[in-house]
Amino acid sequence: MTLTLRPLRAEDSRDAARIFFCAVHDGTRHAYTLQERRAWAGDSIDLPRWQTRLASLTGFVAEENAEPVGFMAMTPGGHLDLAFVLPSCAGRGIGRALLDAVEAQARALGLGRLTTHASLAARPFFARQGWRVTSEETVLRAGVSLRRFAMDRQLGDARDQPCDIRR
């Protein structure tokens, strides 16, 4: 299958919401209880909320055979707000490709640092990409406490990044 990346658009809200919903409910089963996943992602997709949420973010959509399989989005200030891949596509380098694109975009915008709030499931992925935990947090969603990690990554100049000959 051929993976392509393209800029995230406002009209991607339906696909982004579906990917998020599946990633939370199916992809984090090992890390969060059903009650926690329901508090985080709800029982159904709130499409108007997603349309509003994506309007203030920039990022990328990953597609395989023209079907969206993942996306990442950041705020103008460099907070990686959304980073999700369909569970059926996990482990194939899609998250890494998206993160590389977001980091390159952040550097092009002159940002020297990215931040995120990583779930228990996402923390290992970010750590493998050079992100560091700055604190562990507990947030309340729909009356349920969820553990997550504040993380960041210093970007530096693209010329300072190690060469990855596998790409």
Side-chain angles (χ1 to χ4, degrees), residues 1-103 105-106 114-129 131 136-153:
M1 293 198 180
T2 303
L3 180 70
T4 58
L5 299 183
R6 63 167 175 78
L8 181 68
R9 302 181 299 246
E11 56 267 22
D12 290 320
S13 58
R14 182 177 305 278
D15 291 321
R18 178 182 57 84
I19 292 166
F20 166 81
F21 192 83
C22 292
V24 170
H25 281 288
D26 294 334
T28 69
R29 286 178 188 262
H30 67 284
Y32 293 98
T33 67
L34 175 60
Q35 179 185 18
E36 289 168 330
R37 295 189 319 266
R38 290 176 77 188
W40 181 3
D43 291 320
S44 62
I45 294 171
D46 181 351
L47 193 54
R49 181 174 167 260
W50 275 92
Q51 291 167 330
T52 301
R53 189 168 187 189
L54 289 187
S56 63
L57 303 173
T58 62
F60 297 90
V61 173
E63 294 180 330
E64 284 187 340
N65 300 323
E67 286 295 318
V69 296
F71 73 103
M72 282 193 188
M74 71 174 173
T75 66
H79 180 75
L80 187 57
D81 192 33
L82 298 165
F84 295 95
V85 172
L86 285 175
S88 61
C89 298
R92 299 196 330 228
I94 296 167
R96 172 71 188 260
L98 286 163
L99 187 58
D100 286 349
V102 168
E103 288 181 356
Q105 181 183 42
L114 287 176
T115 62
T116 197
H117 290 108
S119 69
L120 294 169
R123 177 187 175 195
F125 165 78
F126 284 107
R128 285 190 306 272
Q129 311 313 317
W131 291 61
E136 184 173 341
E137 305 173 336
T138 301
V139 294
L140 201 61
R141 296 283 187 264
V144 177
S145 295
L146 300 172
R147 285 181 54 214
R148 69 180 188 186
F149 300 90
M151 299 183 79
D152 74 354
R153 175 166 161 93

Does a side-chain heavy-atom distance below 4.5 Å link [X] with [Y]?
X     : Y      : result
Pro68 : Ile19  : yes
Glu67 : Asp15  : no
Leu57 : Thr75  : yes
Phe84 : Phe21  : no
Thr28 : Leu120 : no

Kindly write out the residues that satisfy ring pair (Phe, Tyr, Trp, His ring centres under 6.0 Å) with Phe71, not counting sequence neighbours, or none if the list is empty.
none
Do [X] side-chain atoms and [Y] backbone N/O form a donor-acceptor pair below 3.5 Å?
X      : Y      : result
Thr116 : Ala118 : no
Asp100 : Ala97  : no
His25  : Asp43  : no

Using the side-chain contact (heavy atoms from CB on, under 4.5 Å) rule, pick out the option among Leu80, Ile94, Leu82 that qualifies with Met72.
Leu80
My understanding is that only residues two or more places apart in sequence, or in another chain, count here; which of them pass side chain to side chain contact (heavy atoms under 4.5 Å, CB included) with Arg141?
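Residues passing side chain to side chain contact (heavy atoms under 4.5 Å, CB included) with Arg141: Ala39, Val139, Leu146, Arg148.
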How would you list, by chain and number, every residue that makes a side chain to side chain contact (heavy atoms under 4.5 Å, CB included) with Gln129, sequence neighbours excluded?
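For Gln129, the residues satisfying side chain to side chain contact (heavy atoms under 4.5 Å, CB included) (neighbours in sequence not counted) are Arg96, Leu99, Phe125, Trp131.
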May I ask you to decide if the ring planes of Trp40 and Tyr32 are parallel, tilted or perpendicular, using 30° and 60° as cut-offs?
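Ring orientation, 0 to 90° scale: perpendicular.
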